[in-house]
Amino acid sequence: MRILKFSPPRRAWMALAMLGFLGCANADSDNAVFEPVDAGLDQTCSCEPGTKSVCACQNGGEGVATCNQDCMTFSECTQCGDAGKPDADAGKGGAGGSAGKGGSAGTAGTAGTAGTAGKGGAGGTAGAAGTAGTAGVAGSGGATGGSAGTAGTAGTGGAAGTAGTAGTAGTAGTAGTAGVAGAAGSDGGACSTAGDQCNGAPITLTGTGNTPRTGSASGTTQGRCSDYGATCGTGTSLAPDMVYSITPDVDGKMTLTTTATGFTPIVYLQGNCGDITMEYGCHTSLTPIVFDVSANTTYYVVIDGQSANDVGSYTLNVVVKPPMCGDGILQSGEECDDNNSASGDGCSDTCSIETGYSCKGQPSVCTVVPPGGACNIAKDVTGATFPTSLQGDFSDTPTVGGSCDTTPTNAVWFKYTAPTTGTFMIDATNATTTNAYSRLAVFQGSACNPLGTELACVTNSSKSASAGVSMVAGTTYLILFHTDGASYTMINPSINIHEVGQGPGEKCPTAIDLTSVTFPHTVTGNFVVDAPAGPSCSATATNAVWFTYTPTTTGAYDITALDDASGSPQARLAIFETNSCSPTGTEVACVTSTSDTVSAQPTLTAGTTYLLMFFTNAKSSAMTNPQLTIVPAPTSGLNCTLPKDLSTETMPYTQFGTYKDSTSVGGSCDTTPTNMVWFSYTPATSGQYIINATNATTTVAYSRLAVFETTACNPHGTELACVTNSAKTASTSVTMTAGTAYLILFHTDGASYTMVNPQIEVGPAPKGLVCADPINLDGVTFPIKSMGTFSDSSGIGGTCDNSPTNTVWYTFTPTTTQAYTISAVNATTTFAYSRLAIFETAACNPHGTQVVCITSSNKTPTTTQTLNAGTTYLIMFYTDGASYTMVDPVLNITP
């Protein structure tokens with residue numbers, strides 16, 4: 001190997017090039033530190049280990065040698081082509097280093113330091129060009145001239161570095177063609193163009209006073225680095241980007257508009273530079289970004305692409321508009337902004353909504369609305385004759401609402417100045433013919449933006465709403481009545497306002513006299529006044545309504561009160577002797593309920609006036625259209641020792657009254673009975689009997705029915721049946737013996753339910769009610785209908801349902817062996833799942849061999865089976881649960 005000797009000037013130039021490329025001996029070059037190895041104290045290093053130098057190849061041309069670890073010697077000269085032979089390959093391109101003769105230095109790549117240009121191969125002698133050698137890293141270089149032959153082909157360019165710029169080709173040497181410059185080296189350095197990385201290049205805004213601040217920037221993402229990403233777009237983290245910073249001197253609305261050539265930019269706005277979590281806006285197109293900005297706060301704009309190759313030139317325009325009425329932009333403190341400064345068009349020159357208009361959008365579009373159609377033209381109903389109505393269709397007018405519904409629609413506004421200080425009831429009704437959910441809010445004062453203090457905000461699932469509020473004489477209040485969705489309508493709304501405490505029943509002194517009314521008696525309206533003090537069963541009495549009653553006879557009375565309010569009010573009823581208000585008379589009864597109905601059975605004295613207070617347990621539980629019923633309590637059926645004897649009554653029999661006994665022992669199916677009514681029955685003949693009982697309460701109730709042999713109370717006689725049901729009816733069948741008295745207990749499973757006007761029916765069971773007494777189908781005309789309700793739940797079912805309920809039993813003996821279609825119909829008016837089973841022989845317990853057992857999700861099961869002549873078959877038709885009923889079943893058998 002031959003080490004090239006350079007003149008002092010050239011050695012100095014090479015040293016500078018080496019230092020520029022690798023740094024000093026202790027500097028970091030490609031993350032490696034090279035130190036001299038075994039160099040003596042007097043030894044002088046000729047080169048830095050790992051650095052490369054140009055060397056002369058044995059067959060002509062130049063190659064590359066690397067400084068060894070001893071810092072004195074170089075490695076063998078490599079990357080040499082055989083330039084001396086006519087058809088030999090051109091010499092390999094030199095590694096990155098100094099530019100060749102005649103070549104200008106390559107421009108540094110953005111991402112890193114550019115490599116040195118590859119060297120051109122030496123010219124061949126009188127032959128064709130040799131194959132290009134492998135290029136070095138980027139830079140500019142020239143080739144050394146060959147001798148007499150055609151120039152060798154230029155060396156291939158080096159591998160591209162990230163965003164590096166290719167070096168300019170050097171000038172050809174004598175007879176040799178210049179080597180083509182290599183592309184940027186893969187280890188190019190960091191991007192350094194101003195604005196390529198945070199905190200970006202600042203955009204200066206011009207403008208003063210109320211004039212818009214404007215600024216712009218132009219550039220290209222070509223040759224930039226990819227540093228940041230956005231929430232929109234799919235490949236922003238791969239695309240080159242540019243960053244700009246903007247610091248407005250005023251509050252306002254900033255608009256960023258971008259134009260581009262060669263690509264569609266991704267533009268995003270950030271609060272912290274490079275922080276994607278502080279992104280204020282992002283667009284994947286040329287759509288402007290509009291954003292509210294604050295004075296002296298810096299914002300960062302990134303111009304990006306959607307992929308690594310998505311680059312191009314762009315212009316970014318920035319406009320910051322200070323808050324100004326008439327610019328078409330809704331700013332804080334503006335009710336509207338219609339993009340002009342004129343008044344009389346709905347939006348005034350101070351950007352306030354003018355009387356008689358409703359304004360929406362940005363820029364605002366203002367339209368004429370009827371009185372009451374907007375907050376600023378609320379209909380004044382002070383001194384009006386109530387109820388009063390507004391005619392018209394109040395369409396969707398979005399505005400600020402109350403806490404119970406912040407997005408009101410189809411709103412109508414009223415204002416009212418209280419004539420006195422006190423509690424006022426506000427009732428609003430929507431005359432729409434379709435369903436609508438209503439909202440009613442009341443605010444103190446007449447201010448619209450913002451509204452005054454909210455005094456009430458109530459919701460209702462119907463077309464009306466009511467609220468009670470305290471008002472001060474001479475103070476004006478805004479009332480907002482609206483629906484909860486634009487799909488509803490507000491037509492001819494009506495409002496009624498009155499001071500409570502003055503009307504009938506609203507306070508104790510104005511109690512409603514029930515002595516001569518027809519029961520049940522309903523008082524229309526909403527009651528919101530609280531009683532001064534609660535009775536013994538409730539420390540607080542809210543939403544109270546007051547009544548008086550003077551009985552004409554002495555005895556026990558059933559007093560039932562019903563609250564018609566929506567939701568789940570918990571009712572309370574207190575009864576006082578005498579109608580004294582402050583203080584009230586002696587407390588006769590105080591009862592509570594977890595439902596909207598409450599009952600009491602006090603003993604009242606003829607000629608004595610009693611005060612009744614019906615109320616709820618909380619202010620949130622409304623009292624609406626209260627209904628009272630007062631009737632003498634029944635003299636029988638109230639407890640076990642006084643059962644109502646049904647032996648000679650016409651069935652079905654109704655026992656009028658409300659039953660509350662909860663002190664007696666129940667049956668095995670419910671040992672803690674409540675709201676009980678007691679009956680006794682002595683049959684004239686022995687046999688199977690069916691018992692059906694119905695509770696006429698208007699609320700839901702779970703029912704229990706128990707039958708005991710003998711009328712003994714504590715303990716009861718032998719239990720013959722105890723059944724439960726999740727409805728207000730219960731049925732069972734039992735075998736009774738002529739002349740024996742039986743005790744029948746009908747009750748609910750909880751005190752929250754009521755037992756009202758119970759009805760009972762006791763009679764011989766219809767044929768087919770029990771397995772031992774089936775309906776014989778031999779010789780009958782099909783289809784055959786059996787009248788009655790069949791409730792038998794005893795016996796064994798088929799394999800498809802072994803716990804039968806509501807069963808009707810048949811037997812059938814065919815005269816010929818063949819296939820028969822057996823179908824059944826349950827005439828119950830409610831839904832029921834059906835079962836149909838057929839057994840060989842009429843045995844009951846156990847049944848004979850099962851022929852078939854089918855289930856059906858409706859009331860009409862059907863099956864086809866081959867039956868043998870002369871064999872008796874047992875057929876059972878039943879439901880799969882006690883909550884269903886079997887009514888007037890029909891059976892049809894056809895060959």
Side-chain angles (χ1 to χ4, degrees), residues 355 370-391 394 399-405 408 411-430 438-460 464-482 490 492-511 523-532 541-546 565 581 615-616 619-620 622-624:
T355 301
C375 179
N376 65 333
I377 52 171
K379 176 64 177 177
D380 192 347
V381 292
T382 304
T385 301
F386 293 109
T388 185
S389 299
L390 292 183
Q391 299 301 305
F394 292 79
T399 183
V400 178
S403 60
C404 62
D405 191 337
V412 58
W413 296 82
F414 301 92
K415 62 181 179 181
Y416 179 74
T417 302
T420 59
T421 298
T423 301
F424 287 77
M425 193 70 201
I426 304 171
D427 301 307
T429 302
N430 180 0
S438 299
R439 307 292 184 257
L440 182 64
V442 183
F443 306 93
Q444 185 171 331
S446 57
C448 290
N449 190 7
L451 294 164
T453 303
E454 180 183 288
L455 302 182
C457 191
V458 295
T459 66
N460 196 6
S464 62
S466 300
V469 295
S470 296
M471 294 186 177
V472 177
T475 300
T476 299
Y477 299 86
L478 272 176
I479 303 167
L480 168 61
F481 181 41
H482 62 96
M490 175 67 71
N492 300 340
S494 175
I495 192 169
N496 185 27
I497 305 175
H498 75 282
E499 186 178 2
V500 299
Q502 310 303 313
E506 291 179 332
K507 287 187 177 180
C508 181
T510 60
V523 182
T524 302
N526 296 275
F527 294 81
V528 298
V529 181
D530 300 340
T542 58
N543 306 315
V545 55
W546 300 81
C581 289
F615 58 101
T616 65
K619 191 68 178 177
S620 58
M623 174 64 70
T624 304

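- Once rounded to the nearest 0.5 Å, the distance linking CG of N526 with CE of M425 reads 4.0 Å.
- One distance of note links CZ of F424 with CD1 of I479; it measures 10.5 Å at 0.5 Å rounding.
- A 4.5 Å side-chain heavy-atom check between L390 and P371 finds every atom pair outside the cut-off.
- Partners of T616 according to the side chain to side chain donor-acceptor pair (under 3.5 Å) rule, which considers only residues two or more places apart in sequence or in another chain, are T542, N543.
- Contacts of A384 classified as side chain to side chain contact (heavy atoms under 4.5 Å, CB included), with partners at least two apart in sequence or in another chain: V381, F386, T388.
- For the atom pair CG of L478 and NZ of K415, the computed distance is 8.0 Å after rounding to the nearest 0.5 Å.
- Partners of N449 according to the side chain to side chain donor-acceptor pair (under 3.5 Å) rule, which considers only residues two or more places apart in sequence or in another chain, do not exist here.
- Qualifying side chain to side chain donor-acceptor pair (under 3.5 Å) partners for T385, counting only residues two or more places apart in sequence or in other chains: none.
- The minimum heavy-atom distance between F394 and P370, with the atom names listed, is CE2-CG, 3.9 Å.
- Separation of atoms CZ (F481) and OG1 (T429) is listed at 6.0 Å; rounding is to 0.5 Å.
- Partners of T476 by side chain to side chain donor-acceptor pair (under 3.5 Å), not counting sequence neighbours, listed by chain and number: T417.
- Contacts of D427 classified as salt bridge (charged side-chain N to carboxylate O under 4.0 Å, His left out), with partners at least two apart in sequence or in another chain: none.
- Residues F527 and V545 share a closest heavy-atom pair of CE2-CG2, 3.7 Å.
- The line from CD of E506 to CD of E499 is 9.5 Å long, rounded to the nearest 0.5 Å.
- Partners of I377 according to the side chain to side chain contact (heavy atoms under 4.5 Å, CB included) rule, which considers only residues two or more places apart in sequence or in another chain, are T355, V369, A374.
- Shown here for H482 and A411, the closest heavy-atom pair between the two residues is CB-CA, 3.7 Å.
- Closest of all the heavy-atom pairs between S438 and A465 is CB-CB, 4.1 Å.
- Here the side chains of W546 and P509 are not in contact, with every heavy-atom distance at 4.5 Å or above.
- Pairing each heavy atom of L440 with each of A467, the nearest pair is CD2-N, 3.8 Å.
- Considering OH of Y416 and CD1 of I497, their distance stands at 5.5 Å, rounded to 0.5 Å.
- What you find for A418 and Y477 is that their closest heavy atoms are CB-CE1, 4.2 Å.
- Every residue two or more places apart in sequence or in another chain that forms a side chain to side chain contact (heavy atoms under 4.5 Å, CB included) with P387 is listed here: S494, N496.
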Donor-acceptor pairs under 3.5 Å, side chain of residues 450-460 to any protein atom, not counting sequence neighbours: which ones?
{"from": "E454", "atom 1": "OE1", "to": "S403", "atom 2": "N", "distance (Å)": "2.7"}
{"from": "E454", "atom 1": "OE1", "to": "S403", "atom 2": "OG", "distance (Å)": "3.4"}
{"from": "E454", "atom 1": "OE2", "to": "S403", "atom 2": "OG", "distance (Å)": "2.6"}
{"from": "N460", "atom 1": "ND2", "to": "S462", "atom 2": "OG", "distance (Å)": "3.0"}
{"from": "N460", "atom 1": "ND2", "to": "S464", "atom 2": "O", "distance (Å)": "2.7"}

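- S470 has its side chain within reach of T423: a pair of non-hydrogen atoms, C-beta onward, lies under 4.5 Å apart.
- Listed by chain and residue number, V500, K507 satisfy the side chain to side chain contact (heavy atoms under 4.5 Å, CB included) test with V529 (two or more places apart in sequence, or in another chain).
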